[in-house]
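These notes concern the structure reproduced below.
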There are 2 protein chains.
Amino acid sequence: MKTSVNAPLRGAQPHCQTCSLNALCLPLSLTESDMERLDDIIRRGRPIQKGQLLFQQGTEFQSVFAVRTGALKTYTLASNGEEQITGFHLASELIGLSGYNAGTYPLTAKALETTTVCEIPLQQLEQLADELPDLRRQLMTTMGTEIRHDQNMMLLLSKKNAEERVASFLLDISQRYQRRGFSATHFRLPMSRVDISNYLGLAVETISRVFTRFQKNELIETQGKEIILKDSDTLYDLAGLTRANDECLHQAES
Amino acid sequence: MKTSVNAPLRGAQPHCQTCSLNALCLPLSLTESDMERLDDIIRRGRPIQKGQLLFQQGTEFQSVFAVRTGALKTYTLASNGEEQITGFHLASELIGLSGYNAGTYPLTAKALETTTVCEIPLQQLEQLADELPDLRRQLMTTMGTEIRHDQNMMLLLSKKNAEERVASFLLDISQRYQRRGFSATHFRLPMSRVDISNYLGLAVETISRVFTRFQKNELIETQGKEIILKDSDTLYDLAGLTRANDECLHQAES
DNA sequence: CGTTTGATTGACACCTTTCAAGAGACGTGG
DNA sequence: CCACGTCTCTTGAAAGGTGTCAATCAAACG
């Protein structure tokens with residue numbers, strides 16, 4: 001039944017105004033009253049379990065989603081059935097906007113772990129975007145950030161070798177956790193090695209080998225999905241980044 | 001002097017309302033009166049010559065641009081100085097939006113040939129986007145299309161081999177010319193082999209070899225930058241595409 | 001506790017890059 | 001109009017990084 005799907009959850013913050021993520025999420029730049037209006041159109045459903053789809057490539061584009069807790073991956077399917085992961089999405093991140101005006105979702109979103117999301121129906125978002133300039137700007141900022149991320153990935157996939165890719169990946173995840181108030185050096189990867197390899201355009205075995213090489217060189221320490229960055233400076237060098245350099249990729253969130 | 005730079009050109013259409021590209025370009029979905037308002041804020045400068053920069057990565061983000069005639073490439077610079085071409089841009093296409101709210105341009109735009117553009121100052125575009133819902137939608141549509149393009153490139157760079165990449169590239173260009181009323185099978189590539197190789201994440205030599213292989217198999221015919229597609233069907237197969245399949249990537253333009 | 005899934009490691013193959021050289025196109029200036 | 005230099009494109013041979021295949025190991029799960 002429809003009502004139970006959208007029923008608020010025990011323990012979860014049911015409103016943007018009181019959500020601990022509102023400084024990172026879509027309401028980022030909204031006034032109190034604007035935030036209320038956004039909050040009014042948001043639907044909060046029951047959690048989706050690991051492996052379940054939030055939306056599927058080719059189905060009607062109806063809503064965008066903000067991740068509240070958990071993590072997802074989004075991927076596109078080639079005609080031969082191969083999938084390419086285009087992004088991993090942590091709490092506060094908005095997904096689905098890439099399907100804007102495409103009619104159908106251009107990619108699939110699958111939960112990497114138990115995940116809760118805030119659903120924002122497109123139709124009402126459209127109307128609100130016309131009435132709230134700050135919201136429009138935030139939506140366009142989110143899309144701009146996404147474009148910069150994807151173009152950064154194009155550079156990675158086109159020009160970087162395996163070690164550079166893995167270093168870039170670990171630092172990206174590290175920074176995103178840090179921005180959310182977690183440790184930048186000690187975290188748990190929500191995705192499998194296979195997912196990482198797919199995302200980085202490498203074979204699983206290559207990911208494994210680079211991880212062990214990094215461990216031997218005392219750059220990182222791994223215990224399954226648990227990661228400790230022991231020498232971030234060298235990782236930055238390897239990634240071909242300066243700390244300052246890639247800050248600009250995340251401006252929408254800061 | 002500033003005025004001469006923005007002076008209208010001999011022979012060029014100085015207004016969106018009479019521009020032959022307005023059905024493909026930003027004004028696509030605007031009413032007559034809205035188009036006039038957009039037209040009012042657009043600056044039309046003198047042509048930029050081959051090799052000249054339209055804007056440069058790291059400089060202040062001030063305007064977005066619509067290509068009127070000619071072609072450009074946009075590329076990002078890695079910290080080691082390597083460049084990755086992120087896109088080629090033909091007449092009617094909007095460039096620069098990826099810098100939205102980033103403060104500075106995240107990439108550089110360089111003319112591949114003599115090119116004229118319509119400059120749209122950000123500040124006035126922002127205001128207009130708040131007042132004209134259709135314009136806001138068109139801007140977001142453009143960004144959505146860009147995201148889908150980039151994610152398609154991620155798939156190409158991550159999963160496709162050299163032949164598949166070149167086939168995909170040729171068909172993409174072909175479709176874009178066709179949409180502009182030119183032949184889908186007989187066209188001139190505005191970019192060099194080096195640019196193509198950079199864009200596709202391959203060595204120049206590989207591009208050359210694939211081109212000659214395609215010629216031996218009678219899939220294409222090349223004469224320098226002139227290209228004739230002789231067997232589009234096989235190219236589609238090679239690219240791992242069906243004609244229907246990748247239509248959705250261009251919805252913003254159709 | 002057996003089964004299944006995910007991660008690691010090694011050996012070998014292959015596609016693409018790199019290096020090197022030559023051919024062709026283009027613009028310039030004599 | 002042709003000679004010349006420069007740049008682009010093409011072609012060949014060899015090297016190398018990553019993928020593939022196969023086996024082992026570890027962890028998760030019922």
Side-chain angles (χ1 to χ4, degrees), chain A residues 49-51 71 73 80 82-85 110-114 156-170 188-217 220-228 238 240, chain B residues 49-51 73 80 82-85 110 112-114 155-170 188-217 220-227 238 240:
Chain A
Q49 298 301 315
K50 176 173 178 173
K73 63 176 174 180
N80 58 14
E82 273 189 320
E83 70 182 53
Q84 170 63 39
I85 294 176
K110 182 182 274 190
L112 294 169
E113 55 194 38
T114 304
L156 178 147
L157 293 170
S158 177
K159 299 280 183 295
K160 296 186 180 180
N161 65 25
E163 292 196 350
E164 292 167 343
R165 294 182 198 198
V166 173
S168 300
F169 170 75
L170 290 174
R188 186 177 177 281
L189 296 173
M191 73 292 289
S192 69
R193 298 286 194 272
V194 175
D195 285 337
I196 297 173
S197 71
N198 182 300
Y199 180 60
L200 297 179
L202 298 167
V204 204
E205 294 90 333
T206 304
I207 301 294
S208 247
R209 282 188 256 265
V210 172
F211 271 34
T212 53
R213 214 178 308 157
F214 279 2
Q215 253 180 125
K216 275 178 190 155
N217 299 342
I220 65 172
E221 217 166 276
T222 71
Q223 177 82 270
K225 294 183 196 274
E226 299 288 336
I227 303 279
I228 301 175
L238 258 176
Chain B
Q49 299 301 316
K50 176 175 177 172
K73 63 176 173 181
N80 59 13
E82 272 190 319
E83 71 182 52
Q84 170 63 38
I85 295 177
K110 181 182 276 190
L112 294 170
E113 55 195 36
T114 304
L155 190 145
L156 179 147
L157 293 170
S158 177
K159 299 280 182 297
K160 296 186 180 180
N161 64 26
E163 293 198 348
E164 292 167 343
R165 293 183 199 198
V166 173
S168 299
F169 170 74
L170 290 174
R188 186 177 178 281
L189 296 174
M191 73 293 289
S192 68
R193 300 285 194 271
V194 176
D195 285 338
I196 298 173
S197 72
N198 181 302
Y199 181 60
L200 298 180
L202 298 166
V204 203
E205 294 90 332
T206 305
I207 301 293
S208 246
R209 282 187 256 265
V210 172
F211 270 34
T212 51
R213 212 177 310 157
F214 278 3
Q215 254 182 123
K216 276 179 192 156
N217 298 343
I220 65 173
E221 218 167 276
T222 71
Q223 177 84 270
K225 293 185 197 285
E226 298 289 336
I227 303 281
L238 258 176

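First the proteins, then the strands, lettered A, B, ... as listed; each starts at 1.
Distances shorter than 4.0 Å separate some side-chain N or O of B/Arg193 from OP1 or OP2 on D/dT10. Within the 4.0 Å cut-off from OP1 or OP2 of D/dG17, not a single side-chain nitrogen or oxygen of A/Thr206 is found. At C/dG6, none of the side-chain N or O atoms of A/Lys225 fall inside 4.0 Å of OP1 or OP2 (strictly under the cut-off).
Distances were taken from every side-chain heavy atom of B/Arg209 (C-beta onward) to each of D/dT20, C/dA7, C/dT17; the shortest belongs to C/dT17. Of the candidate nucleotides C/dT17, C/dT8, D/dT20, C/dT17 has the atom lying nearest to any side-chain atom of B/Ala203. With C/dT9, D/dC9, C/dA20 as the choices, the nucleotide that has an atom nearest any side-chain atom of B/Glu205 turns out to be C/dA20. Of the candidates C/dT8, C/dG10, D/dT10, D/dT10 carries the atom nearest the B/Ser208 side chain, counting heavy atoms from C-beta on.
If you take CG of A/Leu189 and P of D/dA27, they are 17 Å apart, rounded to a whole angstrom. Rounded to a whole Å, the CD1 atom of B/Ile220 is 10 Å from the P atom of D/dT10. Rounded to whole Å, the distance from CE on A/Met191 to P on C/dG6 is 15 Å. Computed from coordinates, the A/Ile196 CD1 to C/dG6 P distance equals 13 Å when rounded to whole Å. In this structure, CG of A/Asn198 is placed 16 Å from C1' of D/dT18, rounded to the nearest angstrom. Here D/dT8 presents its P atom at 18 Å from CD of B/Glu226, a figure rounded to the nearest Å. At whole-Å resolution of the value, NZ in A/Lys50 and P in D/dA28 are 10 Å apart. A/Lys159 has its NZ atom 15 Å from the P atom of C/dT16, to the nearest Å.
Residue contacts shown for A/Ile207 are absent, as no nucleic acid heavy atom lies under 4.0 Å away.
Taking every heavy atom of both residues into account, B/Glu113 and B/Pro190 meet most closely at OE1-CB, 3.6 Å. Nearest heavy atom pair, residue B/Leu157 against residue B/Arg165, reads O-NH2, 3.1 Å.
In this structure, the side chains of A/Lys110 and A/Glu83 stay at 4.5 Å or more apart for every pair of heavy atoms. Contact check for A/Asn198 versus A/Gln84: side-chain heavy atoms found under the 4.5 Å cut-off.
Summarising the geometry, atom OH belonging to A/Tyr199 is positioned 13.5 Å from atom NZ belonging to A/Lys73; distances are rounded to the nearest 0.5 Å.
Along DNA chain D, the nucleotide nearest to A/Gln223 and the one nearest to A/Glu163 differ in position, and the one closer to the 5' end is contacted by A/Glu163.
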